[in-house]
Amino acid sequence: MLDLNIIRTQPERVRQNLLDRNDSADSLDSILALDVQRREILKENEALRALRNATSKEIGRMPDAAAREARKAEMREVGDRISQYEGELTRIEAELDRLTSTLPNLMDPRAPIGPDESANIVTRIEGEQKTFDFKPREHWDLGPALGLIDFERGVKLTGSRFYVLNGLGARLQRALIAFFLNLRQAQGYQEVYLPFLVKEQTLFAAGQLPKFRDNLYHDAEEDYWLVPTAEVPITNLHGGEILDAEALPRRYAAYTPCFRREKMSAGKDTRGIKRGHQFDKVEMYTFCAPENSEAEHQKMLADAEETLKRLGLTYRVKLLATGDTGFGARLTYDLEVWAPGCQEWLEVSSVSNVGDFQARRANVKFRRERGAKAELVHTLNGSGLALPRTMIAIMENYQRADGSIIIPEPLRAFVGADVIEARG
RNA sequence: GGAAAGGUGGCCGAGUGGUUUAAGGCAACGGUCUUGAAAACCGUCGUGGGGCUCGUCCUCACCGUGAGUUCGAAUCUCACCCUUUCCGCCA
């Protein structure tokens, strides 16, 4: 959520931001008009309420019954007018909320300006794209061949874009989760285990609702929503709280499955396990003071990169353009890992500084010192990492000519094997 | 799922229609006293919105949430949510 005061005082900045994001700026003028209306009515309504409060007190002290009744009649009329104004206010505020809650965050000026992903900038490539003396196979070929991935049975159980992991396939994923969480802990993130079902307000605070309703799974019976990322529950861990300055930064790491309807990317990446309706992820999340969010952003990016380095995977860092940056983010780096089988750079992490955007929606504040005014914190989130695509990268990068896959050293203890052997 | 009790500021807790401007206490913070500390005493001590004369200012809202009754609601009515205890069920 943007600060209404910024919308009011710097409307042109907000308008330009919407245009840079390749978003519509149509609602802006309505918002400004509603804001003026709201304050006019509020002012008059408050004057009436003040009058009624004062008069009601008088009535309580009046000894004369007739005079009392006359005053009551007057106040009945005032009450009617208050009701009218409040009906108006309710209507205006609902509309104002509806419109402002769909405005995206203001971009960091360092983000390249451009309408879509074509304007993203690759800032670095770390490592060499591996070469093979045979033609590397794609994971959708290798996985079933080694008995790691079973696409048919996933479809049988649920439908398209669901799959089953078997044996060492399942074990490899579990190993990655344990490896990630241990690394996060060493990097200063506290592990949390969270509900995978949340209520509507939790999704609103994280910025998923109302705008991205179509991409979420919802249980109508209980009015619960399946989390699309751990970012959603973590954002609300401190919802409505005022944190002590000494408690910041607060860094969390959580493993959760993520559920996405993928309505917005229907038809894209249907092959393999790159884009399912359910996938696992370890997420990093930080609450900090505003002046520290840039440093925390760099730390989180470095922490995510460290994961890929330890796994010996080649990756590149992208700075996302205005038109490709997520709704709540001010600045986002994507990490993309090289998959030599399908010959693609796969996004395994997205590391964003969200500023006070989610903190305002979730009402998370901190106090610099006793007696100081509570201020909104900044929040940051980053994948650390998405599991299926990391699995793809490992399978495709560590495959050998005979069809077997070497397990990267840091995972061996967790998997309990050094190699996934080809089947006879 | 059933029954009962409950939900008031950071915490405890009073408040059943108007002297409440949410009492009182605890904790915290500032001060006086003290060689220092404790004690005692004095003071400060919620969030959000709006206004202008921008202040140690005025005003509105908020006592789980939402409606309702009333000139006036923390207080009365209705619905819902949550917590605790007991019962049932269950990994």
Side-chain angles (χ1 to χ4, degrees), chain A residues 1-9 31-101 193-205 209 218-225 233 236-248 250 257 356-377:
Chain A
M1 201 82 129
L2 294 182
D3 184 354
L4 188 57
N5 201 38
I6 287 182
I7 301 174
R8 188 183 294 152
T9 56
I31 290 172
L32 293 167
L34 285 168
D35 177 51
V36 170
Q37 268 188 58
R38 175 180 166 269
R39 280 180 295 155
E40 279 172 0
I41 295 176
L42 195 62
K43 203 170 145 181
E44 294 193 30
N45 189 51
E46 282 189 4
L48 289 180
R49 292 193 81 118
L51 172 67
R52 184 175 69 177
N53 287 347
T55 310
S56 291
K57 257 176 213 168
E58 260 179 58
I59 291 172
R61 292 191 294 258
M62 287 170 79
D64 181 67
R68 212 162 46 219
E69 289 311 311
R71 290 300 231 179
K72 280 194 195 178
E74 273 175 48
M75 285 308 107
R76 252 193 293 277
E77 258 175 62
V78 170
D80 288 346
R81 282 164 64 199
I82 289 173
S83 299
Q84 270 177 32
Y85 278 138
E86 283 178 0
E88 274 287 283
L89 278 174
T90 303
R91 193 186 59 74
I92 289 170
E93 281 169 2
E95 182 67 359
L96 199 54
D97 282 351
R98 191 179 69 79
L99 294 175
T100 53
S101 63
Y193 172 83
L194 303 156
F196 304 156
L197 293 169
V198 296
K199 60 182 175 183
E200 184 164 332
Q201 162 59 23
T202 304
L203 281 150
F204 175 85
L209 286 176
H218 178 226
D219 168 52
E221 186 85 10
E222 300 285 352
D223 199 18
Y224 290 153
W225 301 71
N236 291 277
L237 271 181
H238 297 296
E241 294 180 20
I242 298 173
L243 305 168
D244 290 334
E246 309 86 69
L248 299 178
R250 269 191 106 99
D356 62 14
F357 191 80
Q358 287 176 329
R360 183 170 293 105
R361 290 167 95 106
N363 192 21
V364 185
K365 299 189 168 181
F366 78 108
R367 225 186 281 284
R368 290 181 189 277
E369 58 198 45
R370 198 158 287 283
K373 195 174 162 54
E375 298 171 57
L376 293 169
V377 300

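Naming convention: chains lettered A, B, ... in sequence-line order (proteins, then strands); numbering from 1 in each chain.
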Practice task
Looking at every strand, decide which applies to A:Arg8 at a 4.0 Å heavy-atom threshold: base, sugar-phosphate, or nothing.
Solution key: sugar-phosphate
Exercise for the section: May I ask you to decide whether A:Glu95 forms a salt bridge with A:Arg98, counting only side-chain N to carboxylate O separations under 4.0 Å? Expected result: yes
Practice task
Grab the CD-P distance between A:Gln201 and B:C80 for me, whole Å please.
Solution key: 22 Å
Exercise for the section: Specify the separation, in whole Å, of atom CD of A:Glu86 and atom P of B:C62. Expected result: 9 Å
Exercise for the section: Please tell me if the side chains of A:Glu58 and A:Met75 come closer than 4.5 Å, counting only heavy atoms from C-beta onward. Expected result: no
Practice task
Compare side-chain N and O positions of A:Arg39 against OP1 and OP2 of B:C60 and report whether any pair is under 4.0 Å apart.
Solution key: no
Fill in the blank from the handout: In Watson-Crick or G-U wobble terms, with both distances under 3.5 Å, the base opposite B:A79 is B:U65
Exercise for the section: Apply side chain to side chain contact (heavy atoms under 4.5 Å, CB included) to the pair A:Leu203 and A:Glu200, showing each step before the final yes or no. Expected result: CA-CA 5 Å; A:Leu203 281 150; A:Glu200 184 164 332; 5.8 Å; no
Problem - Between B:C63 and B:U16 - C1' atom distance, rounded Å - result: 15 Å
Problem - Side chain of A:Lys365 (C-beta onward), nearest among B:G48, B:A61, B:U21 - result: B:G48
Problem - Among B:C71, B:C52, B:C60, the nucleotide that comes nearest once only the side chain of A:Met75 is considered - result: B:C71
Handout entry: Minimum-distance nucleotide (side-chain atoms of A:Ala50 versus B:G51, B:U47, B:C60)
Key = B:C60
Handout entry: Non-hydrogen side-chain atoms of A:Asp35 and A:Ile7 separated by less than 4.5 Å
Key = no
Exercise for the section: Name the pairing partner of B:A37, where a pair is Watson-Crick or G-U wobble with both distances under 3.5 Å, or state none. Expected result: none
Completion exercise
Between CE of A:Met1 and P of B:G48 the distance, given in whole Å, is 15 Å
Exercise for the section: Examine B:G46: is either OP1 or OP2 under 4.0 Å from a nitrogen or oxygen in the side chain of A:Lys373? Give yes or no. Expected result: no
Practice task
Find the distance A:Ile82:CD1 to B:U69:C1' and express it as a whole number of Å.
Solution key: 16 Å
Practice task
In whole angstrom, give the distance that lies between atom CD1 of A:Ile92 and atom P of B:G50.
Solution key: 14 Å
Practice task
Considering just the side-chain nitrogens and oxygens of A:Asn53, establish if one lies under 4.0 Å of OP1 or OP2 belonging to B:A61.
Solution key: yes
Practice task
Provide, to the nearest angstrom, the distance between the CD atom belonging to A:Glu74 and the P atom belonging to B:U70.
Solution key: 18 Å
Problem - Listed nucleotide nearest any side-chain atom of A:Arg38, set B:G50, B:U47, B:G18 - result: B:G50
Problem - Identity of whatever pairs with B:A3 - Watson-Crick or G-U, under 3.5 angstrom - result: B:U85
Completion exercise
Among B:C60, B:C71, B:G49, the one nearest any side-chain atom of A:Arg49 is B:C60
Practice task
Count the heavy atoms of every other residue, nucleotide or ligand shown that sit under 6.0 Å from OH of A:Tyr224, and state whether that count exceeds 12.
Solution key: no
Handout entry: Distance, P atom - from B:C60 to B:A73, rounded to whole angstrom
Key = 13 Å
Handout entry: From B:A61, B:G49, B:C71, nucleotide with atom closest to A:Arg52 side chain
Key = B:C71
Practice task
Hunt down the Watson-Crick or G-U wobble partner of B:U16, both distances under 3.5 Å, from any strand shown, or write none.
Solution key: none
Exercise for the section: Output the single nucleotide from B:G18, B:C52, B:C60 whose closest atom is nearest the side chain of A:Ser56. Expected result: B:G18
Practice task
Write down the distance separating the P atoms in B:G25 and B:C80, rounded off to the nearest Å.
Solution key: 40 Å
Exercise for the section: Mind checking A:Leu42 for me? I need base, sugar-phosphate or nothing, with any heavy atom below 4.0 Å counting as a touch. Expected result: sugar-phosphate
Handout entry: C1' atoms of B:A67 and B:G51, separation to the nearest Å
Key = 30 Å
